[in-house]
Every structure is written in structure tokens, then in C-alpha cells.
Number of protein chains: 2
Amino acid sequence: MTEISVATPQLLRRVSAGAVLDFMRASEAVTVTEVLEATGLTRATAIAVCEDLMQRGWIRELENQRAFGGYQKGRPARRFELNERAGYVLGMDVGVSKATVVVSDLRGKALGRSSQPFAEADIPAEERIAVIDRTAMMALHSVGASPDSVLAVCAGIAAPVDRNGEVLVTQHFWGLFDVGLKAALRDRRGWTVLLENDANLAALGDRWRGAAAGVDDVVVILASERFGSGMIDGGRLLHGRGGGAGELAFLDMVEGVGDTYGIAALARTWAADALAGKVKTSLREFAAEGVEAEQVFAAAADGDAVARAILERLADRMARIIGAVSTIINPELVVIGGAVAKSAGVLLGPIARHLTKYTVTPPRVAVSPLGDSIVTVGAVRCALDYVEKNTLDLELAVPD
Amino acid sequence: MTEISVATPQLLRRVSAGAVLDFMRASEAVTVTEVLEATGLTRATAIAVCEDLMQRGWIRELENQRAFGGYQKGRPARRFELNERAGYVLGMDVGVSKATVVVSDLRGKALGRSSQPFAEADIPAEERIAVIDRTAMMALHSVGASPDSVLAVCAGIAAPVDRNGEVLVTQHFWGLFDVGLKAALRDRRGWTVLLENDANLAALGDRWRGAAAGVDDVVVILASERFGSGMIDGGRLLHGRGGGAGELAFLDMVEGVGDTYGIAALARTWAADALAGKVKTSLREFAAEGVEAEQVFAAAADGDAVARAILERLADRMARIIGAVSTIINPELVVIGGAVAKSAGVLLGPIARHLTKYTVTPPRVAVSPLGDSIVTVGAVRCALDYVEKNTLDLELAVPD
DNA sequence: GGAACTAAATTTAGATTCCAAATAAATACT
DNA sequence: AGTATTTATTTGGAATCTAAATTTAGTTCC
């Protein structure tokens, strides 16, 4: 209600409340004494702030305080904890062929998930939106959450998105993805929707709960069907002017690369090429359905020469890409993510070996454990970031 | 003196004072009424803050207020303005063969400059420091400023520097540059020294007072003898883990490039190569002293075929580099900077032409007007950034 | 069961800062 | 001289914090 111009006394309470809330997000149930030590506030103030936050619904007080940690002298301390059910956030992965929605609580715990295919690749925008909306409602319903309790939504799409969440339709193709989701979900449900590029979300996701946990300078390469990357420098996502940062189209110019197909796609193609010849290889048993990357990796592990050659070729290509990107960006770590990543661990050794050819200071290389949920995990993180930054400006639907 | 824990009432005054100071830095002499409109504070508060700042020496009050803007009704307004002489900052360009120091006031006006060569490239650290210190003292003396009035120093060096101003001596070569300048100048003079990579400072400099003024996503390529770049995304410099972001060593992998020599170096070499043959060219008249880039550009403008070929080749190479970097970083603008930049304007047309081969969404390309002072300009900006961020924690030497 | 002990919670007094509104001051215009 | 206008100052009230004194709600021990 009250407009804050620059610095009113109310600003102080905001700062204090923010500090307390930050501490609570990082801890389980805490006593006021702990709050006070963590924030530097006085006891009187700390209690006042907690009461404030409780009244607004962001935290709750526990009953049987003494139940914690056995014997304690003195007057029992009150205990407070984050009300992780004060509201929910949605993380969306909107692909070409399907939409996936994850419902998460305020601690980032995934409570429910729903996925729906689009009838065809080229359906009109309203239809895409309808499917997405329906998927979201199903996911919410599955956890018994009302649409009013959604505090933020983040959707990942396979197009460049600038740092304001806008899709610049410079290339016609991307128009497909800018289906007006933001406006549609705001109008229909009153939700705040953040748009972000899928590879960027993968980077956020993996830095949160993947191989890059806590690393400040990291590049995550979404590498299954096509290459795309999310780059984080100093803990901040890079976007560039039109959200195009992290595009790996420059690969066309790197010697020995020349296209932007991902690991899964290349493995499939190269295996097919090999089978067209007369070589002897165990891959031939999959020939009918087409050979997938996993099968190539397995065959290579069994000593199949053709599979090993393909693996080596993949590793060299990855090394070139990682070498080029990390020379210019200088990350501490490069993570390979996406559906193929889980089985791509076998590539790490060969990649490291090839990498020494392309850079004198190679980064660490890892595969993400998040599999194909890497984008939704990142979307949840992105939505939570928004909520955490704006907590004190948000009104909760049903302050219980 | 007083430790601020989280949110004390004193914090409010800090916020208010910061807002007022920011406004004053962006304006000339201002009345309290203007302050009040800009910051949203009350008149009473605005005056109190101004008096505060004046007492601390950061701003001053003008005498003949009414002298401004002719006729005015009502009680004359007091006028305040930034005291740009409250202290000074030093911007340093520490190269291999010489050190340059610029003294600037708090509005970024260069007041004096001094430059001194190092006796040899490989002199010991103490000697390098002594030369740098002496150069700084000379520059200060030339403007009549005392060493005590220096609020911050920023030094640009040709080595990777991480975002904490540390030089990681991963490669032995860089050890040359980490001569302990920070500690030495702190101990001798009590100065706060910020270290930064020279190309990064070039980026800051050009974004401040060059071709990239106000552009949030920009890459500045220092291109004279060697290529190095400073990359800014969303107004923030990229560093990477060890300060290596912006290194263009990956050029080794880009087809048609293959080394990291800069424009001046390449022009010189290619011209010499051409002269070794029997072609007819007006460049031959410079053959004795060696042909410089400027001369090649001039001859090309006169229609000399050999010079034009070299120019075209340079443009193609620049286009490849710009194409590769900007595909992955997606800047709005790429600036060519350094001593050679002033005459490199002739390259812009050809570069733009070649660029379409390497990217579908080419950035704007420009040359920096800052010449070889681009690094010191950036160093001054960097030091000012520090002072502006920490103004209220700094004590002025002689509060007049 | 009551006294002693202990840590937490609450109350009280004081300081800083802000805003809003009333009052005072300085100048130009008539 | 008187009025209008703009700026400056003063006064009163509110929010917030800290620091210190006081009260409370338990445990422990006799």
C-alpha cells in the first residue's frame, strides 16, 4: 500500500525482514536466538520481525519446541520455520512436441508433475497455450494446490530470450515459441510468468542441484539433439543483447565441427553411416530400429571397434567445442546436460584427453545427473529466485 | 566507527545520502528543490543530507546562487554541487615497456598524466614498482595533488586478473605482471589499488567515453599488436574463473585465423611478405623502415592493389573473429580499440561485408575514438566506480 | 513442594531518522 | 508598503532500531 520513495523508516523493517527470511530459507526450524546471532539484530527486533512474517504467512511457529535437541536449561525458546507451503511455483519445459510442468514448494521440493504432448508440431498459438494451461492445471490438481496460490511461473523455451524475458523474433523460426504465454497466463490465471531460454535454465538447474552445485563460473551444454548452452559468469546468467548468448552456431567456423547436431543425433547418424558399409560390428543388431547413443556407448565398452571410433570422434568434437567456449569464457567447469548426459559419462575420459590439444588451461568437465528434467529444475529455480527477491512485495492468497 | 549490523536507523541516512550523491554526480549545481524531486525525499531531509555531505567534504555550496538562470521569484534557493576535488583517483596503464598514470578528479576529468619507460623488459619487481610509483608521484605533482588525497587507484595489466583483482600465476609468463603492486602501493602510500586486465579496462573505458557509450552488451577488442578483448554483458564485465574471459586464443581453432597477432602486427608482416616478391606497389617507399598499418590503409585508399589485398585480408580476419565471438556472446556492438583503431575506420565497411558470411545476426561494429588512452580511461572509470560505490565509507584526507 | 538457576521473552527508555504541516524568511512584483 | 512566491526552518508525530532492566517459563536440586 504505502509507496516507498527512498528511505523511510519502513525500509528498515524490509531489510531486517529480508535478512531473517534469507536465514530461514537456509535453515530448518530456528530459535530466535539463532536468528539474532545470524542477523545481528536485537532480540526484541528479531521477535518483532518474526511475528510480522508469521502474520503475513511466510513463516510459521512450531508447537513442541522443546522436542528439538534433548535437554535444555532456561525458558524454552520459540521455534520458527519457513512456511514452505505459503505458495507454490511452477517450472515449465515447453518443447516442440510436449509441455512439462512441475509444481514445487518454496523450498524447491517438487510436489507434482504433469506432461502433455502437442497434437502436432505446427498447431496454432491458442492451442499450444491451451495445452500448456491444461498441463499446469493438472499438475496443480495432482498436489491439491489452487491456482491462486501460485506465486510465480517460469517457462523454458528453445528460443533466445533476452534478460527481460522478451523473445526477439529476429528469426522467423523462433516465432513458433513466442506464443504469448506470458500475457495469456497472466490474463487467465493472474500468474507472473518468466520466460527463459531452455539451455539457460539448464545452467541454473545444474548449478542448483547438479554437477555445478555452487560453482560461480560454469557453462552447461545441452547436448542431446542439438547443442545449446547456458553460460554463468560470477553466478549470473549471460544473455547478450537479444538473449542469443550461449548459441553455439559459431561451431560452423571451428575446424572439425561444422554443424550443431548434438551427441544423440551424431551418434545415430554416424552409426547408420558405418552400418551402410560392410564392417563387422555388434551395432548391427540394432540396425532395424536405428542405433542410439547409449547403445554405441555400451558397444564401445564391450570393445566394439566401430563403436569406439564413434565415441572417440564424439569426444574429439566435444573437446573442440568445450575448448573454444572455455577459452573465451574461462569457466571453472563445463557440464554436459540433457537426456543423453546420464550415459555420457564414458565420454569424460576421452574428452579430457582430447581437450589438452585445444587449450592449455582446460576446465573441469562433468555430466549432469539431472537427465531430462534439467530444464524444469532450472525453471523452478528461476521462479524461486523471483519469489525470493520479491517476497516482501507479494501478497499471499490465503494467509493461514 | 560505528559497526552497522543489519538495519539500524543510520542505514536510512546512508541510503538517502547515496541517492542524493548519485543525483549530484549526474548533474551540475542543483537546488534542494531539484534534489527533492529527484530523490523523493522531503525538503527537511534533503537539506539535512546535503549539510551532512557538505560537512564530510563530498559536496560544496555555491555562493551567488541567483546567478543561475536569470529571473526567479521567491526566496533564493541554495545551490549545491559535487566537490569534484574532494579527492583524486589514479588510472594506470602498466605495459611491458612503460607505465602511464593519469590523475583524474571525481567527475572523471583528466587533470594530469605522466609516462615513464621501464629500463628493460625484464627488470626485477622492485624496480618496476619504483618506476610506477615515481610515475604516479610525478603525475600527482603536476596537478598539485597530495598522495593523501588519492581515493583509489586502478592499474591495467596485460595478464588475466580475476574478479577479486588477483593474478593467478597459472602461466609463468604472467608472473611478470604480478609484481605485488597492490601491496607495495598500499604499504608505501596507503592507496587502495584495484588490478584489472587491460582489455577489460578498455571495455570499461570505451563504454564510458567511447563508441560504446551506454551500450550494455558490448565486446571491445584491443587489436593493435595482439588481440585481447573485454566483454560486457548486461553492463557487467565478464571475468571467468581466473580472469581469463575474453582471451582470444581460441582463434587457433577458427578456420582462416590461426594465431593471435593484432592488426598492426599483421599489416606489418603481410606488407613485408608482399615486398619480398616482385609486385609493384607504392608501399615499397616505406620498405626500409618497415611498413605500418596506417600506411597500408593510406595506400589502399589510393588504389594500391597490394595494400587493398592486405586490407581485405585483415577485414576478413576481423570478421571471422567478430563473427565467432559475437555468435557466442551476442553483443549489440563490437568495438575495435587500441592505438591502431583511429586509422582502422577504413576496415569497417569491408568487415561488415565479410561479416555476413559468418553470422546471420551481425552486431554493429565500430572503432574506438579513444586511441591508446583507452586503457587509462577505463582505469579511471574503474577507480571511480570503486569510489562511487564506497563513498560513504571513505574518509577524506583534508575536509575543507 | 519450594528455592535456585537459566535462558528466553517482554518491557521501558532513548536515539535516529523520516514525513507532514505549520511557520518564518527572502526575494520579486505591483 | 504590501502581496505573491519560493525556499528554509521548526515542530510534532511515527517507525524503527538498540541497550538495559524486568518478567516469564521452564529445569534442577534439596
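Basis for what follows: all heavy atoms, side chains included, without hydrogens, waters or symmetry-related copies. The chains referred to below are lettered A, B, ... by the order of the sequence lines, with proteins before strands, and numbering in each begins at 1. Predicted, not measured: the structure shown is a model, and the values here were computed from it.
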Point to revise | Euclidean distance, A:Leu140 CG relative to A:Leu90 CG, rounded to 0.5 Å | key: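 It comes to 5.0 Å.
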**Study point:** From B:Leu237 atom CG to B:His239 atom NE2, the distance as rounded to the nearest 0.5 Å
**Key:**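 Spacing of CG (B:Leu237) from NE2 (B:His239) equals 5.0 Å.
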Just the rounded figure in Å: distance from [atom2] of [N] to [atom1] of [X].
X	N	atom1	atom2	answer
B:Leu36	D:dA8	CG	P	10 Å
A:Glu51	C:dT11	CD	P	11 Å
B:Arg14	D:dT16	CZ	C1'	18 Å
B:Met54	D:dA8	CE	C1'	14 Å
A:Glu34	C:dA7	CD	P	15 Å
B:Gln10	C:dG14	CD	P	18 Å
A:Leu11	D:dC17	CG	C1'	13 Å
B:Ile47	D:dT9	CD1	P	5 Å

**Study point:** Option from A:Asp216, A:Asp217, A:Asp233 for which salt bridge (charged side-chain N to carboxylate O under 4.0 Å, His left out) with A:Arg207 holds
**Key:**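 Single salt bridge (charged side-chain N to carboxylate O under 4.0 Å, His left out) partner of A:Arg207 among A:Asp216, A:Asp217, A:Asp233: A:Asp216.
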So does [X] get a side-chain nitrogen or oxygen closer than 4.0 Å to the phosphate oxygens (OP1/OP2) of [N]?
X	N	value
A:Thr42	D:dT18	yes
A:Arg79	C:dA8	no
B:Thr8	D:dT18	no
A:Arg13	D:dC17	yes

Review point. How would you label the contact of B:Thr31 with the nucleic acid (heavy atoms, under 4.0 Å): base, sugar-phosphate, or nothing?
Key: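 Answer is nothing: B:Thr31 stays at 4.0 Å or more from every strand.
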Would you mind telling me which of [options] lies closest to the side-chain atoms of [X]?
X	options	answer
B:Ala44	C:dT17, D:dT18, D:dT10	D:dT10
A:Arg43	C:dA9, D:dT18, D:dT16	C:dA9
B:Thr45	D:dT18, C:dC19, C:dT10	C:dC19
B:Leu41	C:dT16, D:dC17, C:dC19	C:dC19
A:Pro76	D:dA25, D:dC17, D:dT7	D:dA25

**Study point:** Overall bend - the helix from C:dG1-D:dC30 to C:dT30-D:dA1, comparing terminal axes fitted on five pairs, nearest 10 degrees
**Key:**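 Nearest ten degrees gives 20° for this helix.
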**Study point:** Sidechain N-carboxylate O distance under 4.0 Å for B:Glu395, B:Arg56
**Key:**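 A salt bridge is absent here (no side-chain N lies under 4.0 Å from a carboxylate O).
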Check your understanding: Does a salt bridge link B:Lys109 with B:Glu84, judged by any charged N lying under 4.0 Å from a carboxylate O?
Key ->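 No, no charged N to carboxylate O under 4.0 Å.
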Practice item. Please assess A:Glu61 against A:Arg78 for the test salt bridge (Lys or Arg N to Asp or Glu O under 4.0 Å), listing each intermediate value before the final yes or no. Key: CA-CA 7 Å; A:Glu61 185 167 4; A:Arg78 299 165 73 181; 2.8 Å; yes
Exercise for review: Indicate, yes or no, whether a donor-acceptor pair under 3.5 Å links the base of C:dT6 to the side chain of A:Arg75.
Suggested key: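 For A:Arg75, whose side chain was compared with the base of C:dT6, there is no donor-acceptor pair (under 3.5 Å).
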Check your understanding: Looking at A:Thr192, A:Leu106, A:Asn390, A:Thr391, which hits side-chain contact (heavy atoms from CB on, under 4.5 Å) with A:Leu151?
Key ->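 Among the candidates, only A:Leu106 passes.
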Practice item. Mark yes or no for whether B:Trp191, through its side chain, and B:Ala184, through its backbone, hold a donor-acceptor pair below 3.5 Å. Key: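 Not confirmed, B:Trp191 side chain does not pair with B:Ala184 backbone.
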Review point. Which comes earlier along DNA chain C counting from the 5' end, the contact point of A:Val32 or that of A:Pro9, where each point is its nearest nucleotide?
Key: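 The residue whose closest nucleotide sits nearer the 5' end is A:Val32.
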